[in-house]
2 protein chains.
Amino acid sequence: MSKKLDRRKKYTRKVLKESLVTLLSQKTISKITVKELCEMADVNRSTFYTHYSDQYDLLEKIEEEIAEDMNQYLSSYSFNVEEESLQMTEKLLEYIKDRQFMFQTLLNENGDPTFEVRLRTIAQRFMINNWLEGQQLKEVDMTYLSTFVVSGAVHVIKEWIEYDVDVKQSPKEMAELINKFANEGLSCLE
Amino acid sequence: MSKKLDRRKKYTRKVLKESLVTLLSQKTISKITVKELCEMADVNRSTFYTHYSDQYDLLEKIEEEIAEDMNQYLSSYSFNVEEESLQMTEKLLEYIKDRQFMFQTLLNENGDPTFEVRLRTIAQRFMINNWLEGQQLKEVDMTYLSTFVVSGAVHVIKEWIEYDVDVKQSPKEMAELINKFANEGLSCLE
DNA sequence: AACTGTTTGTTGATTATCCAACACTGTGTC
DNA sequence: GACACAGTGTTGGATAATCAACAAACAGTT
């Protein structure tokens, strides 16, 4: 499935992604030049063009990757088995924690305004497929519910960032809290 | 003088050096294999051998580089002009701060026992060339003095590490303190 | 409008790294 | 001793990244 990447490719893409996110924390994508991006990443400009067509393309790829990861995590998510579920939540939290800066940047002023929407879409699809399976819900309720949950999640992430919450210190407790909330939320529907 | 290095070479050597120092914080040089070193650095083993012959060679190069840097800093050191001197001390402190982990590792149990000696030699040569210029000192005094100063410096570095002193927060005050001490020490000799 | 400096894609030749394979040495185990 | 196992150094061919150079587009200045 996932073809084995040459170390060089892996490294080049990694630093380019990191550099773009760093620059995005300072200015809007349209004000970022390929030149400064490559200088920051310490990568030859010609190399950049063998991977991406421009800044926008790179940003696209970054977000696609996140989307894939989120889907990956959410696809194996289930609230049936308690312990397994907790572990999944924990992993998801660690994933986010490791990319705190990235999320912060992409969700803030200079970031992509469509990014939050994309996250919302992913979560919405997940909720429809898993949580709300079997439930007979009006479409209005469904939309409202997913919007509510995702907004909450984004809000939580932003709060973590603002108050510099160290998720890693207690991912377990955090995971329990979140799962409990999710379950109670579900039971409230019945 | 300093030949222009290909970015790739620069990167390869950088990660290999970082990885070795990291490993040295865990075990002795003789227990470190080239294989695990390359795995940590994410560099092909064959690439390693195009740069260094073995772990010991790499460690050698790391220490040589530090020695060069220290010489560089110390060579442009003078206590004649007050402000300039302070700036030099400040830069030197920042240099050490940026490599705190490296110094810590090289000076500790797993590190190279000869490293402290090398530092001592450098400082000794410096003191003879600069500070003690013109002073009529017995060789015994000279050796004792340099040993005293370097031991002090190493001790200070180790204390910074242990008590996690943030040198960067006040390199200026720190620099003033050190220069003042150095000057008083010198005047004590007269 | 001409001028200056900067960024942009793109190219060709060069170089470094990768990878997989190899034979070799050392070390521990039955 | 015979055996498996892990690390060593070295090789050759494939591939990626480098660098320097280019024409073109663009923005700001005078």
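Everything quoted here is computed from the prediction, not taken from an experiment.
Not one side-chain nitrogen or oxygen of B/Tyr49 sits closer than 4.0 Å to the OP1 or OP2 atom of D/dT10. In terms of phosphate contacts, B/His51 brings a side-chain nitrogen or oxygen within less than 4.0 Å of OP1 or OP2 of C/dT17. In this model, the phosphate group of C/dT7 is not approached by any side-chain N or O of A/Thr33 to a distance below 4.0 Å at OP1 or OP2.
Comparing A/Gln55 and A/Arg7 by the nucleotide of DNA chain C that holds the closest heavy atom to each, the one mapping nearer the 5' end is A/Gln55.
Atoms CZ (B/Phe48) and P (D/dG7) sit 15 Å apart, rounded to a whole Å. The distance from atom CG of B/Leu5 to atom P of C/dT15 is 14 Å, rounded to the nearest whole Å.
Under 3.5 Å, the side chain of B/Arg8 and the base of C/dT15 form at least one donor-acceptor pair of N or O atoms.
With C/dC18, C/dG9, D/dC19 as the candidates, the nucleotide lying closest to the side chain of A/Val34 is C/dG9. Closest to the side chain of B/Thr50, out of D/dG9, C/dT17, C/dC18, is C/dT17. When the nucleotides C/dC19, D/dA16, C/dT10 are ranked by their closest atom to the side chain of B/Ser46, C/dC19 comes out on top. Distance from the side chain of A/Asn44 is smallest to D/dT18 among D/dA17, D/dT18, D/dG9. Of all nucleotides listed (D/dC19, C/dC19, D/dA17), C/dC19 comes nearest to the side chain of A/Asp6. Checking D/dT8, C/dT8, C/dA16 against every side-chain atom of B/Lys35, the shortest atom distance belongs to D/dT8.
A salt bridge between B/Glu65 and B/Lys17 is present, with a side-chain N of the basic residue lying under 4.0 Å from a carboxylate O of the acidic one.
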